[in-house]
Amino acid sequence: MANSNLIAELQSRGLVAQMSSEDELMEHLEKGSVTLYCGFDPTADSLHIGSLVPLLTLRRFQDYGHKPLALVGGATGLIGDPSFKAQERKLNDDSTVAGWVDKLKAQVSQFISFDNGNNSAEVVNNLDWTRGMDVLSFLRDVGKHFSVNSMIAKESVKQRIDREGSGISFTEFTYMILQSFDFQQLNKSHGCTLQIGGSDQWGNITGGIELSRRMNGNQVFGITLPLVTKSDGTKFGKTESGTIWLDATKTSPYAFYQFWMSTADADVYKFLRYFTFLDVERIAEIEEEDKAAVGRPQAQGVLAEEVTRLVHGNDAVEAAKRITESLFSGDISQLSEADFEQLKQDGLPATQVPGDLSDTPLTTLLVDAGMANSGKQIKDALQRDAVIVNDRACGMSDNMSGNEIFSTEAGLFGKYFLVKLGKKKHHLFYL
RNA sequence: GGUGGGAUUCCCGAGUGGCCAAAGGGAUCGGAUUGUAAAUCCGACGCGAAAGCUUCGAUGGUUCGAAUCCAUCUCCCACCA
(Lines give C-alpha, C1' and ligand atoms only; values in the text may rest on other atoms or scores of the structure.)
Protein backbone atom coordinates (compact mmCIF):
# COMPACT_ATOMS: atom_id res chain seq x y z
CA MET A 1 0.00 0.00 0.00
CA ALA A 2 1.85 3.01 1.25
CA ASN A 3 5.36 3.32 -0.08
CA SER A 4 8.10 5.66 -1.07
CA ASN A 5 7.41 5.24 -4.77
CA LEU A 6 5.03 8.07 -4.23
CA ILE A 7 7.85 10.50 -3.63
CA ALA A 8 9.69 9.10 -6.61
CA GLU A 9 6.62 9.62 -8.72
CA LEU A 10 6.07 13.14 -7.46
CA GLN A 11 9.68 13.93 -8.19
CA SER A 12 9.53 12.51 -11.66
CA ARG A 13 6.58 14.76 -12.31
CA GLY A 14 8.49 17.74 -11.05
CA LEU A 15 5.97 18.18 -8.27
CA VAL A 16 8.36 18.52 -5.37
CA ALA A 17 9.78 21.96 -4.73
CA GLN A 18 10.94 21.53 -1.16
CA MET A 19 10.83 18.79 1.47
CA SER A 20 11.57 18.95 5.14
CA SER A 21 13.89 16.31 6.63
CA GLU A 22 13.90 14.32 3.44
CA ASP A 23 15.27 11.02 4.75
CA GLU A 24 13.02 10.88 7.79
CA LEU A 25 10.04 11.81 5.68
CA MET A 26 10.71 8.98 3.23
CA GLU A 27 11.01 6.58 6.10
CA HIS A 28 7.83 7.92 7.64
CA LEU A 29 5.88 7.47 4.43
CA GLU A 30 7.09 3.93 4.10
CA LYS A 31 5.83 2.92 7.49
CA GLY A 32 2.20 3.04 6.52
CA SER A 33 -0.71 5.28 5.88
CA VAL A 34 0.03 8.89 6.72
CA THR A 35 -2.50 11.61 7.35
CA LEU A 36 -1.69 14.77 5.45
CA TYR A 37 -3.38 18.07 4.85
CA CYS A 38 -3.46 21.01 2.53
CA GLY A 39 -5.23 24.28 3.19
CA PHE A 40 -7.42 26.29 0.83
CA ASP A 41 -8.41 29.78 1.83
CA PRO A 42 -11.73 31.23 0.77
CA THR A 43 -10.68 34.37 -1.09
CA ALA A 44 -13.47 34.10 -3.67
CA ASP A 45 -16.61 32.08 -4.26
CA SER A 46 -14.67 29.48 -6.20
CA LEU A 47 -11.21 28.02 -6.42
CA HIS A 48 -9.31 28.64 -9.61
CA ILE A 49 -6.83 26.51 -11.49
CA GLY A 50 -4.05 27.70 -9.23
CA SER A 51 -5.38 25.32 -6.59
CA LEU A 52 -5.47 22.42 -8.96
CA VAL A 53 -1.93 21.21 -8.36
CA PRO A 54 -2.29 20.81 -4.58
CA LEU A 55 -5.76 19.38 -4.98
CA LEU A 56 -4.57 16.72 -7.39
CA THR A 57 -1.57 16.04 -5.21
CA LEU A 58 -3.83 15.23 -2.29
CA ARG A 59 -5.45 12.73 -4.56
CA ARG A 60 -2.10 11.26 -5.57
CA PHE A 61 -1.34 10.70 -1.90
CA GLN A 62 -4.71 9.08 -1.40
CA ASP A 63 -4.10 6.78 -4.34
CA TYR A 64 -0.99 5.59 -2.52
CA GLY A 65 -2.98 4.80 0.58
CA HIS A 66 -2.58 7.98 2.58
CA LYS A 67 -5.36 9.90 4.20
CA PRO A 68 -5.94 13.43 2.89
CA LEU A 69 -7.51 16.23 4.87
CA ALA A 70 -8.68 19.23 2.90
CA LEU A 71 -8.62 22.21 5.17
CA VAL A 72 -10.90 25.07 4.28
CA GLY A 73 -9.70 28.29 5.83
CA GLY A 74 -12.76 29.68 7.51
CA ALA A 75 -10.46 31.43 9.96
CA THR A 76 -7.37 32.15 7.88
CA GLY A 77 -9.63 33.44 5.10
CA LEU A 78 -10.70 36.20 7.45
CA ILE A 79 -7.10 37.27 7.95
CA GLY A 80 -5.42 36.98 4.54
CA ASP A 81 -2.12 35.34 3.78
CA PRO A 82 0.63 37.92 3.24
CA SER A 83 3.07 35.40 1.73
CA PHE A 84 4.72 36.97 -1.30
CA LYS A 85 1.90 39.44 -1.67
CA ALA A 86 3.03 42.90 -2.54
CA GLN A 87 0.20 44.62 -0.73
CA GLU A 88 -2.01 44.35 2.26
CA ARG A 89 -5.39 43.00 1.29
CA LYS A 90 -8.70 44.31 2.37
CA LEU A 91 -10.64 42.18 4.76
CA ASN A 92 -13.78 40.38 3.68
CA ASP A 93 -16.64 40.29 6.12
CA ASP A 94 -17.34 37.07 7.90
CA SER A 95 -20.71 36.21 6.36
CA THR A 96 -19.16 36.48 2.91
CA VAL A 97 -16.29 34.26 3.88
CA ALA A 98 -18.65 31.78 5.51
CA GLY A 99 -20.55 31.53 2.22
CA TRP A 100 -17.34 30.94 0.31
CA VAL A 101 -16.29 28.26 2.77
CA ASP A 102 -19.36 26.23 1.87
CA LYS A 103 -18.66 26.52 -1.84
CA LEU A 104 -15.03 25.55 -1.43
CA LYS A 105 -15.94 22.54 0.65
CA ALA A 106 -18.04 21.24 -2.21
CA GLN A 107 -15.36 21.96 -4.79
CA VAL A 108 -12.55 20.44 -2.85
CA SER A 109 -14.61 17.33 -2.30
CA GLN A 110 -14.73 16.48 -6.00
CA PHE A 111 -11.10 15.58 -6.07
CA ILE A 112 -10.68 13.24 -3.17
CA SER A 113 -12.63 10.19 -2.14
CA PHE A 114 -14.66 10.11 1.05
CA ASP A 115 -15.48 6.49 0.75
CA ASN A 116 -12.12 4.85 0.80
CA GLY A 117 -11.98 2.75 3.91
CA ASN A 118 -9.56 3.92 6.52
CA ASN A 119 -7.92 6.43 4.29
CA SER A 120 -11.12 8.25 3.40
CA ALA A 121 -10.70 11.96 2.99
CA GLU A 122 -12.05 14.55 5.37
CA VAL A 123 -12.82 18.20 5.06
CA VAL A 124 -11.96 20.34 8.06
CA ASN A 125 -12.39 24.03 8.81
CA ASN A 126 -9.87 25.89 10.90
CA LEU A 127 -12.57 28.17 12.21
CA ASP A 128 -13.64 25.21 14.35
CA TRP A 129 -10.59 25.42 16.57
CA THR A 130 -9.83 29.13 16.40
CA ARG A 131 -13.30 30.55 16.93
CA GLY A 132 -13.51 29.71 20.58
CA MET A 133 -9.99 30.66 21.43
CA ASP A 134 -9.48 33.77 23.51
CA VAL A 135 -6.75 36.29 22.86
CA LEU A 136 -4.82 35.60 26.01
CA SER A 137 -4.55 31.87 25.47
CA PHE A 138 -3.55 32.52 21.90
CA LEU A 139 -0.81 34.88 22.95
CA ARG A 140 0.38 32.81 25.89
CA ASP A 141 0.05 29.27 24.53
CA VAL A 142 0.75 29.78 20.86
CA GLY A 143 2.39 33.16 20.39
CA LYS A 144 5.06 32.44 22.95
CA HIS A 145 6.58 29.84 20.65
CA PHE A 146 7.24 32.30 17.87
CA SER A 147 10.19 34.58 17.63
CA VAL A 148 9.40 37.81 15.84
CA ASN A 149 13.02 37.90 14.75
CA SER A 150 12.65 34.75 12.76
CA MET A 151 9.22 35.71 11.48
CA ILE A 152 10.58 38.95 10.09
CA ALA A 153 13.40 37.06 8.45
CA LYS A 154 11.01 34.88 6.39
CA GLU A 155 11.39 35.38 2.70
CA SER A 156 7.64 35.42 2.26
CA VAL A 157 7.16 38.71 4.08
CA LYS A 158 10.51 40.21 3.24
CA GLN A 159 9.34 42.44 0.44
CA ARG A 160 6.57 43.75 2.63
CA ILE A 161 9.04 44.69 5.28
CA ASP A 162 11.90 45.89 3.12
CA ARG A 163 10.13 47.53 0.29
CA GLU A 164 9.59 51.22 0.37
CA GLY A 165 5.93 52.14 0.20
CA SER A 166 4.55 48.90 1.50
CA GLY A 167 3.99 47.55 4.94
CA ILE A 168 2.30 44.77 6.76
CA SER A 169 -0.33 44.91 9.44
CA PHE A 170 -0.12 42.89 12.60
CA THR A 171 -3.20 41.04 11.38
CA GLU A 172 -1.54 39.67 8.28
CA PHE A 173 1.74 39.19 10.05
CA THR A 174 -0.06 36.86 12.42
CA TYR A 175 -1.31 34.70 9.59
CA MET A 176 1.79 32.55 9.81
CA ILE A 177 1.01 31.77 13.43
CA LEU A 178 -2.55 30.81 12.64
CA GLN A 179 -1.51 28.43 9.92
CA SER A 180 1.15 26.93 12.14
CA PHE A 181 -1.49 26.46 14.79
CA ASP A 182 -3.67 24.60 12.25
CA PHE A 183 -0.94 22.09 11.63
CA GLN A 184 -0.33 21.62 15.33
CA GLN A 185 -4.05 21.15 15.96
CA LEU A 186 -4.50 18.66 13.14
CA ASN A 187 -1.47 16.80 14.38
CA LYS A 188 -3.07 16.52 17.76
CA SER A 189 -6.65 15.76 16.73
CA HIS A 190 -6.12 13.76 13.52
CA GLY A 191 -2.58 12.50 13.85
CA CYS A 192 -1.74 14.55 10.81
CA THR A 193 1.99 14.48 10.14
CA LEU A 194 2.42 16.06 6.74
CA GLN A 195 1.40 19.32 5.18
CA ILE A 196 1.60 20.07 1.50
CA GLY A 197 1.16 23.40 -0.22
CA GLY A 198 2.49 25.73 -2.87
CA SER A 199 6.10 26.76 -2.59
CA ASP A 200 4.93 30.13 -1.31
CA GLN A 201 3.71 28.27 1.75
CA TRP A 202 7.12 27.01 2.83
CA GLY A 203 7.50 29.59 5.57
CA ASN A 204 4.06 28.89 6.97
CA ILE A 205 4.59 25.14 6.82
CA THR A 206 7.91 25.17 8.61
CA GLY A 207 6.27 27.32 11.26
CA GLY A 208 3.77 24.54 11.84
CA ILE A 209 6.47 21.91 11.96
CA GLU A 210 8.23 23.87 14.71
CA LEU A 211 5.05 24.42 16.63
CA SER A 212 4.01 20.76 16.53
CA ARG A 213 7.40 19.79 17.84
CA ARG A 214 7.24 22.29 20.65
CA MET A 215 3.64 21.84 21.68
CA ASN A 216 3.05 18.18 20.84
CA GLY A 217 6.56 16.85 20.86
CA ASN A 218 5.93 15.28 17.46
CA GLN A 219 8.01 15.34 14.35
CA VAL A 220 5.90 16.36 11.38
CA PHE A 221 6.83 17.10 7.79
CA GLY A 222 6.19 19.42 4.91
CA ILE A 223 6.37 19.22 1.15
CA THR A 224 5.90 22.14 -1.15
CA LEU A 225 4.80 21.98 -4.74
CA PRO A 226 6.30 24.13 -7.46
CA LEU A 227 4.76 27.35 -8.49
CA VAL A 228 3.21 26.86 -11.90
CA THR A 229 4.98 29.15 -14.33
CA LYS A 230 4.74 29.73 -18.03
CA SER A 231 7.72 29.80 -20.31
CA ASP A 232 6.91 33.27 -21.57
CA GLY A 233 6.90 34.67 -18.07
CA THR A 234 3.26 35.74 -17.98
CA LYS A 235 1.05 34.71 -15.15
CA PHE A 236 -0.44 31.26 -15.31
CA GLY A 237 -4.19 30.95 -15.17
CA LYS A 238 -5.22 34.41 -16.24
CA THR A 239 -6.40 35.80 -19.52
CA GLU A 240 -8.03 39.08 -20.41
CA SER A 241 -11.41 37.46 -19.87
CA GLY A 242 -10.21 36.78 -16.36
CA THR A 243 -9.29 34.00 -14.04
CA ILE A 244 -9.93 30.40 -15.02
CA TRP A 245 -12.24 29.16 -12.28
CA LEU A 246 -13.10 25.63 -11.34
CA ASP A 247 -16.75 26.54 -10.99
CA ALA A 248 -18.58 25.72 -14.23
CA THR A 249 -20.88 28.69 -13.85
CA LYS A 250 -17.93 31.07 -13.67
CA THR A 251 -15.80 29.50 -16.39
CA SER A 252 -17.75 27.28 -18.74
CA PRO A 253 -16.35 23.81 -19.37
CA TYR A 254 -15.92 24.83 -23.00
CA ALA A 255 -13.86 27.88 -22.03
CA PHE A 256 -11.96 25.73 -19.56
CA TYR A 257 -11.17 23.19 -22.25
CA GLN A 258 -10.09 25.95 -24.61
CA PHE A 259 -7.79 27.40 -21.98
CA TRP A 260 -5.81 24.18 -21.88
CA MET A 261 -5.94 23.82 -25.66
CA SER A 262 -3.99 27.03 -26.08
CA THR A 263 -1.16 25.97 -23.79
CA ALA A 264 2.22 26.80 -25.27
CA ASP A 265 4.34 23.90 -26.57
CA ALA A 266 7.06 24.87 -24.16
CA ASP A 267 4.73 24.25 -21.21
CA VAL A 268 2.41 21.51 -22.30
CA TYR A 269 4.44 18.44 -21.30
CA LYS A 270 5.21 19.90 -17.93
CA PHE A 271 1.54 20.63 -17.45
CA LEU A 272 0.66 17.08 -18.42
CA ARG A 273 2.83 15.91 -15.56
CA TYR A 274 1.37 18.44 -13.15
CA PHE A 275 -2.28 18.29 -14.01
CA THR A 276 -3.05 14.77 -15.17
CA PHE A 277 -2.77 11.25 -13.85
CA LEU A 278 -1.21 9.92 -17.01
CA ASP A 279 1.98 7.92 -16.42
CA VAL A 280 5.18 9.84 -16.85
CA GLU A 281 6.20 7.19 -19.37
CA ARG A 282 3.07 7.81 -21.39
CA ILE A 283 3.70 11.56 -21.29
CA ALA A 284 7.25 11.03 -22.50
CA GLU A 285 5.85 8.95 -25.34
CA ILE A 286 3.46 11.69 -26.33
CA GLU A 287 6.33 14.12 -26.35
CA GLU A 288 8.39 11.83 -28.55
CA GLU A 289 5.54 11.37 -30.98
CA ASP A 290 4.93 15.09 -31.18
CA LYS A 291 8.56 15.73 -31.83
CA ALA A 292 8.59 13.25 -34.67
CA ALA A 293 5.40 14.58 -36.19
CA VAL A 294 5.07 17.68 -38.31
CA GLY A 295 2.60 20.39 -37.44
CA ARG A 296 0.37 20.70 -34.49
CA PRO A 297 1.21 18.52 -31.46
CA GLN A 298 -1.37 16.26 -29.90
CA ALA A 299 -0.37 17.16 -26.35
CA GLN A 300 -2.66 20.15 -25.91
CA GLY A 301 -5.65 18.05 -26.87
CA VAL A 302 -4.71 15.35 -24.39
CA LEU A 303 -4.12 17.90 -21.66
CA ALA A 304 -7.39 19.71 -22.28
CA GLU A 305 -9.31 16.47 -22.31
CA GLU A 306 -7.74 15.05 -19.17
CA VAL A 307 -8.00 18.16 -17.04
CA THR A 308 -11.51 19.00 -18.17
CA ARG A 309 -12.54 15.47 -17.29
CA LEU A 310 -11.04 15.74 -13.82
CA VAL A 311 -12.77 19.00 -13.10
CA HIS A 312 -16.02 18.86 -15.02
CA GLY A 313 -16.55 15.21 -15.87
CA ASN A 314 -16.93 13.16 -18.98
CA ASP A 315 -20.04 14.77 -20.42
CA ALA A 316 -18.43 18.17 -20.27
CA VAL A 317 -15.40 16.87 -22.13
CA GLU A 318 -17.58 15.45 -24.86
CA ALA A 319 -19.51 18.69 -25.14
CA ALA A 320 -16.37 20.80 -25.23
CA LYS A 321 -14.86 18.56 -27.89
CA ARG A 322 -18.02 18.73 -29.98
CA ILE A 323 -17.99 22.52 -29.91
CA THR A 324 -14.29 22.68 -30.60
CA GLU A 325 -14.55 20.34 -33.52
CA SER A 326 -17.37 22.22 -35.20
CA LEU A 327 -15.86 25.62 -34.67
CA PHE A 328 -12.26 24.93 -35.49
CA SER A 329 -12.68 22.45 -38.31
CA GLY A 330 -13.40 25.45 -40.47
CA ASP A 331 -16.47 24.15 -42.20
CA ILE A 332 -19.63 25.26 -40.52
CA SER A 333 -21.79 24.32 -43.48
CA GLN A 334 -21.51 20.76 -42.19
CA LEU A 335 -23.50 21.63 -39.12
CA SER A 336 -27.10 20.54 -38.91
CA GLU A 337 -29.88 22.40 -37.22
CA ALA A 338 -29.68 19.96 -34.33
CA ASP A 339 -25.97 20.65 -34.08
CA PHE A 340 -26.62 24.31 -33.51
CA GLU A 341 -29.10 23.50 -30.80
CA GLN A 342 -26.47 21.25 -29.29
CA LEU A 343 -23.80 23.94 -29.37
CA LYS A 344 -26.09 26.14 -27.38
CA GLN A 345 -26.71 23.36 -24.91
CA ASP A 346 -23.04 22.55 -24.67
CA GLY A 347 -22.16 25.96 -23.45
CA LEU A 348 -21.04 27.91 -26.49
CA PRO A 349 -21.84 31.50 -25.51
CA ALA A 350 -25.09 32.43 -27.20
CA THR A 351 -27.24 35.52 -27.44
CA GLN A 352 -30.64 36.20 -28.91
CA VAL A 353 -30.61 38.84 -31.62
CA PRO A 354 -32.67 41.87 -30.53
CA GLY A 355 -35.73 42.64 -32.66
CA ASP A 356 -34.66 45.76 -34.49
CA LEU A 357 -31.06 46.53 -35.30
CA SER A 358 -31.48 49.63 -37.44
CA ASP A 359 -30.05 51.80 -34.69
CA THR A 360 -27.62 49.30 -33.28
CA PRO A 361 -24.17 49.18 -34.80
CA LEU A 362 -22.43 45.82 -34.86
CA THR A 363 -19.89 47.20 -32.44
CA THR A 364 -22.56 47.69 -29.81
CA LEU A 365 -24.20 44.37 -30.52
CA LEU A 366 -21.03 42.35 -30.15
CA VAL A 367 -19.84 44.23 -27.10
CA ASP A 368 -23.21 43.67 -25.44
CA ALA A 369 -22.89 39.99 -26.18
CA GLY A 370 -19.57 40.02 -24.36
CA MET A 371 -17.30 39.35 -27.31
CA ALA A 372 -15.10 42.34 -26.56
CA ASN A 373 -14.69 44.98 -23.93
CA SER A 374 -15.12 48.01 -26.10
CA GLY A 375 -16.47 49.02 -29.45
CA LYS A 376 -12.99 50.08 -30.45
CA GLN A 377 -11.86 46.48 -30.44
CA ILE A 378 -14.72 45.47 -32.68
CA LYS A 379 -14.03 48.41 -34.93
CA ASP A 380 -10.44 47.32 -35.22
CA ALA A 381 -11.55 43.81 -36.08
CA LEU A 382 -14.09 45.04 -38.62
CA GLN A 383 -11.40 47.03 -40.38
CA ARG A 384 -9.31 43.92 -40.71
CA ASP A 385 -12.11 41.64 -41.84
CA ALA A 386 -11.79 39.75 -38.60
CA VAL A 387 -15.51 39.60 -37.87
CA ILE A 388 -17.00 36.63 -39.63
CA VAL A 389 -20.71 35.96 -39.59
CA ASN A 390 -21.60 32.56 -40.99
CA ASP A 391 -18.41 32.44 -43.06
CA ARG A 392 -18.93 35.92 -44.43
CA ALA A 393 -16.42 38.58 -43.43
CA CYS A 394 -17.95 41.85 -42.35
CA GLY A 395 -16.21 45.16 -42.90
CA MET A 396 -16.66 48.57 -41.40
CA SER A 397 -19.32 49.31 -44.03
CA ASP A 398 -21.50 46.62 -42.53
CA ASN A 399 -21.47 48.23 -39.13
CA MET A 400 -24.93 49.72 -39.43
CA SER A 401 -26.53 46.95 -41.45
CA GLY A 402 -27.30 44.64 -38.59
CA ASN A 403 -30.81 44.07 -39.85
CA GLU A 404 -29.61 42.59 -43.12
CA ILE A 405 -26.85 40.54 -41.61
CA PHE A 406 -29.05 39.07 -38.95
CA SER A 407 -32.15 38.55 -41.10
CA THR A 408 -34.14 35.37 -41.36
CA GLU A 409 -32.93 34.92 -44.93
CA ALA A 410 -29.29 35.20 -43.99
CA GLY A 411 -29.49 32.92 -40.98
CA LEU A 412 -28.55 29.27 -41.19
CA PHE A 413 -31.77 27.32 -40.87
CA GLY A 414 -33.43 30.70 -40.76
CA LYS A 415 -32.18 31.59 -37.36
CA TYR A 416 -28.58 30.82 -36.51
CA PHE A 417 -25.57 33.09 -36.86
CA LEU A 418 -22.18 31.91 -35.92
CA VAL A 419 -20.08 34.98 -35.27
CA LYS A 420 -16.34 34.65 -35.18
CA LEU A 421 -14.14 37.42 -33.85
CA GLY A 422 -10.55 36.82 -34.68
CA LYS A 423 -9.33 33.28 -34.77
CA LYS A 424 -10.54 32.01 -31.47
CA LYS A 425 -13.62 33.81 -30.22
CA HIS A 426 -16.93 32.36 -31.23
CA HIS A 427 -20.40 33.39 -30.30
CA LEU A 428 -23.74 32.07 -31.42
CA PHE A 429 -26.54 34.48 -32.20
CA TYR A 430 -30.05 33.27 -32.83
CA LEU A 431 -33.39 34.77 -33.76
C1' G B 1 1.17 61.79 19.34
C1' G B 2 5.26 64.09 16.10
C1' U B 3 7.85 64.57 11.32
C1' G B 4 8.20 63.51 6.36
C1' G B 5 6.35 61.05 1.80
C1' G B 6 2.37 59.35 -1.29
C1' A B 7 -2.68 58.51 -4.01
C1' U B 8 -2.27 59.11 -12.22
C1' U B 9 -6.11 55.42 -17.14
C1' C B 10 -6.07 46.90 -15.99
C1' C B 11 -0.82 46.75 -13.46
C1' C B 12 3.96 49.25 -12.92
C1' G B 13 5.22 54.16 -13.72
C1' A B 14 6.35 59.38 -16.19
C1' G B 15 4.09 63.96 -16.07
C1' U B 16 4.61 69.78 -11.45
C1' G B 17 -0.20 75.72 -15.28
C1' G B 18 -1.74 75.43 -21.80
C1' C B 19 1.57 71.54 -26.95
C1' C B 20 -2.38 66.10 -21.98
C1' A B 21 -6.97 61.38 -23.13
C1' A B 22 -1.98 62.07 -20.35
C1' A B 23 5.40 59.35 -21.94
C1' G B 24 7.42 54.49 -21.33
C1' G B 25 7.00 49.37 -19.99
C1' G B 26 3.89 45.13 -18.91
C1' A B 27 -0.67 42.63 -19.59
C1' U B 28 -4.65 42.20 -23.05
C1' C B 29 -7.11 42.26 -27.88
C1' G B 30 -6.90 42.23 -33.50
C1' G B 31 -3.77 41.45 -38.19
C1' A B 32 0.50 39.15 -40.93
C1' U B 33 3.33 34.62 -40.41
C1' U B 34 1.47 29.83 -38.39
C1' G B 35 -0.40 24.82 -35.77
C1' U B 36 -6.30 27.55 -31.66
C1' A B 37 1.85 27.26 -29.93
C1' A B 38 6.26 30.37 -29.36
C1' A B 39 9.19 34.22 -31.46
C1' U B 40 8.90 38.41 -34.73
C1' C B 41 6.59 42.54 -37.19
C1' C B 42 2.13 45.79 -37.62
C1' G B 43 -2.27 47.91 -35.31
C1' A B 44 -5.64 48.94 -31.09
C1' C B 45 -5.72 49.76 -25.95
C1' G B 46 -10.98 55.92 -21.05
C1' C B 47 -16.20 55.87 -23.50
C1' G B 48 -18.42 56.64 -28.35
C1' A B 49 -19.50 54.15 -35.45
C1' A B 50 -18.79 59.42 -35.53
C1' A B 51 -19.63 64.34 -33.90
C1' G B 52 -18.34 64.44 -29.29
C1' C B 53 -18.17 63.17 -23.99
C1' U B 54 -15.89 61.92 -19.25
C1' U B 55 -10.92 61.21 -16.39
C1' C B 56 -5.49 61.81 -12.94
C1' G B 57 -8.16 59.81 -4.26
C1' A B 58 -12.77 63.36 -2.71
C1' U B 59 -14.88 68.23 -2.28
C1' G B 60 -14.39 73.28 -2.89
C1' G B 61 -11.28 77.41 -4.77
C1' U B 62 -7.49 80.44 -7.79
C1' U B 63 -6.98 81.05 -13.21
C1' C B 64 -8.91 82.75 -19.83
C1' G B 65 -6.94 77.67 -18.83
C1' A B 66 -5.36 72.64 -13.55
C1' A B 67 -3.37 65.81 -13.24
C1' U B 68 -0.20 70.02 -12.22
C1' C B 69 -1.30 75.90 -7.73
C1' C B 70 -4.33 76.75 -2.84
C1' A B 71 -7.76 74.91 1.16
C1' U B 72 -10.30 71.09 3.53
C1' C B 73 -11.25 65.92 3.80
C1' U B 74 -10.37 60.48 3.08
C1' C B 75 -7.02 56.61 2.69
C1' C B 76 -1.95 54.66 2.56
C1' C B 77 3.35 54.50 3.77
C1' A B 78 8.10 55.55 6.26
C1' C B 79 10.76 57.34 10.34
C1' C B 80 10.67 59.08 15.45
C1' A B 81 8.14 58.62 20.17
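Chain naming here is simple, since letters A, B, ... match the order of the sequence lines and numbering starts at 1 in each. Treat the numbers as computed from the prediction; the structure is a model and nothing was measured.
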Tell me, please, which residues at least two apart from A/Y416 pass ring-ring contact (aromatic ring centres under 6.0 Å, His included). A/F340
Whole-Å distance, A/K420 NZ to B/rC29 P, equals 16 Å
Return each pair, listed once, that meets salt bridge (charged side-chain N to carboxylate O under 4.0 Å, His left out) where at least one residue sits in residues 255-277 of chain A; pairs must be two or more places apart or across chains. none
Heavy-atom side-chain contact between A/Y64 and A/E9 under 4.5 Å: yes
B/rU36 base to A/Q258 side chain: any donor-acceptor pair below 3.5 Å? yes
Applying salt bridge (Lys or Arg N to Asp or Glu O under 4.0 Å) to A/K321 and not counting sequence neighbours gives A/E305
Contact pattern, 5' to 3', of nucleotides 2-7 of chain B - B, S or - by protein heavy atom under 4.0 Å: ------
Starting from the 5' end of RNA chain B, give me the residue, A/D232 or A/S169, whose nearest nucleotide shows up first. A/D232
Atom pairs and distances, donor-acceptor, side-chain atoms in residues 417-431 of chain A, under 3.5 Å, two or more places apart:
unit_1, atom_1, unit_2, atom_2, d
A/K425, NZ, A/M371, O, 3.3
A/H426, ND1, A/K424, O, 3.2
A/H427, NE2, A/T351, OG1, 2.5

Please tell me whether A/Y257 and A/F328 form a close aromatic pair, meaning their ring centres lie under 6.0 Å apart. no
With A/W245, which residues qualify under ring-ring contact (aromatic ring centres under 6.0 Å, His included), at least two apart? A/H48
With sequence neighbours excluded, residues passing ring-ring contact (aromatic ring centres under 6.0 Å, His included) with A/F221: A/H28
Examine the base of B/rG31 for any acceptor or donor lying under 3.5 Å from a partner atom in the side chain of A/D385, and report the outcome as yes or no. no
Determine the contact category for A/Q383: base if any of its heavy atoms lies under 4.0 Å from a base atom, sugar-phosphate if only primed atoms, P, OP1 or OP2 are that close, otherwise nothing. nothing
Those residues of residues 423-431 of chain A lying under 4.0 Å from RNA chain B by at least one heavy atom: A/K423, A/K424, A/K425
In the structure shown, which nucleotide is the Watson-Crick or G-U wobble counterpart of B/rU59, with both distances under 3.5 Å? B/rA71
Which residues share a salt bridge (Lys or Arg N to Asp or Glu O under 4.0 Å) with A/D128, sequence neighbours left out: A/R131
Side chain of A/R296 only, please: which of B/rA38, B/rU36, B/rU28 is the nearest? B/rU36
Reading nucleotides 43-57 of chain B from the 5' end, what letters show protein touch, with B for base, S for backbone sugar-phosphate only, - for no heavy atom under 4.0 Å? B-S-BBSS-------
Select base, sugar-phosphate, or nothing to describe what A/A266 touches, counting heavy atoms under 4.0 Å on all strands. nothing
Could you work out, with salt bridge (Lys or Arg N to Asp or Glu O under 4.0 Å) as the rule, every residue matching A/R282, not counting sequence neighbours? A/E285, A/E289
Only pairs at least two apart or in different chains count here, so list each salt bridge (charged side-chain N to carboxylate O under 4.0 Å, His left out) that has a residue in residues 242-263 of chain A. A/D45-A/K250
